[in-house]
Amino acid sequence: MYSDDEKIVLCGASAYEQKYYFNQDFSSLPQSIQDELHVMCVMYTVEIGGIFTLWFDENGNLQFETEALDADAMYDEIGGALRIKQLRQEKQELLESLELYYRVFFLGEDLQEEDSGKETVRPEKES
């Protein structure tokens with residue numbers, strides 16, 4: 001489907017075009033998650049400006065990317081970095097779930113391999 005060195009865009013927004021993009025390859029995600037991504041991207045560009053993109057690297061890690069036109073005096077580069085840090089903390093569970101989804105459905109990883117490293121705690125039987 002994709003080449004190994006190609007970054008796979010999940011979604012993004014542009015303050016310049018006032019548009020939101022969602023990759024339809026991910027349309028099987030629940031609508032509530034799609035809506036949350038939409039709000040997150042659009043709010044970022046409203047608050048910070050520029051172009052904000054979420055994409056997956058070749059290992060299935062979700063990356064945040066932001067850029068601005070050189071002539072954009074309103075773009076807040078420092079605020080953008082702080083906002084990304086805040087989003088990573090506030091949306092940690094969502095972001096980890098998206099990475100797992102991508103690894104399983106796009107990279108074909110087996111959940112058993114990932115779970116095998118975790119210790120399983122079994123309840124004790126009552127006597």
- Item | Check: N59 main-chain N/O paired with R103 side-chain donor or acceptor under 3.5 Å | yes
- Query: With a 4.5 Å limit on heavy-atom distance, are the side chains of I33 and Y101 in contact?
  - Reply: no
- So with a 6.0 Å cut-off around CD of Q18, is the heavy-atom count from everything else above 12? no
- Query: Do other residues, nucleotides or ligands put more than 12 heavy atoms under 6.0 Å from the OH atom of Y16?
  - Reply: yes
- Query: Rounded to the nearest 0.5 Å, how far does CG of L107 lie from CD of E58?
  - Reply: 9.5 Å
- Task: Can you measure from CG (L37) to CG (L94) and round to the nearest 0.5 angstrom?
- Result: 5.5 Å
- Task: Look up atom OH in Y20 and atom NE2 in H38, then write down how far apart they are to the nearest 0.5 Å.
- Result: 6.0 Å
- At what distance, to the nearest 0.5 angstrom, does SG of C41 lie from NZ of K19? 16.0 Å
- Message: Hydrophobic clusters here meaning ILVMFWY residues chained together by side-chain heavy-atom distances under 4.5 Å, can you tell me if V39 and V46 are in one?
- Response: no
- Task: Check step by step if side-chain contact (heavy atoms from CB on, under 4.5 Å) holds for F56 and F106.
- Result: CA-CA 10 Å; F56 292 99; F106 285 78; over 6 Å; no
- Take atom CD in E93; do more than 12 heavy atoms of anything else shown fall under 6.0 Å from it? no
- Side chain of D57, backbone of N61: donor and acceptor closer than 3.5 Å? yes
- Message: Taking E65 first and then K7, would you say they form a salt bridge - that is, a charged N and a carboxylate O separated by under 4.0 Å?
- Response: yes
- Item | L29 reachable from F105 in the ILVMFWY side-chain graph, under 4.5 Å edges | yes
- Least distance between heavy atoms, Y75 atom then D72 atom: N-OD1, 3.2 Å
- Heavy-atom closest pair, residues F26 and Q34: O-NE2, 4.1 Å
- Would you say the side chain of L87 lies within less than 4.5 Å of the side chain of F52, judging by non-hydrogen atoms? yes
- Keeping the roles fixed (side chain from N23, backbone from V9), state whether a donor-acceptor pair exists under 3.5 Å. yes
- Query: For the atom pair CG (L98) and NZ (K91), what is the distance rounded to the nearest 0.5 Å?
  - Reply: 11.0 Å
- Task: Search all heavy atoms of F22 against all heavy atoms of C11 and return the closest pair with its distance.
- Result: CD1-CB, 4.1 Å
- Same apolar cluster: L54 and V104, side chain cutoff 4.5 Å: yes
- Query: Are I84 and L62 linked, directly or through other ILVMFWY residues, by side chains that come within less than 4.5 angstrom of each other?
  - Reply: yes
- Between the CD atom in Q89 and the CG atom in L95, the distance rounded to the nearest 0.5 Å is 11.5 Å
- Specify the closest pair of heavy atoms between G50 and T45, including all atoms of both residues, with the distance to one decimal. O-CG2, 3.7 Å
- Task: Group every Ile, Leu, Val, Met, Phe, Trp and Tyr by side-chain heavy-atom contacts under 4.5 Å, then state whether I8 and L100 land in the same group.
- Result: yes
- Message: Tell me whether the count of non-hydrogen atoms from other residues, nucleotides or ligands lying under 6.0 Å of CD in E77 goes above 12.
- Response: no
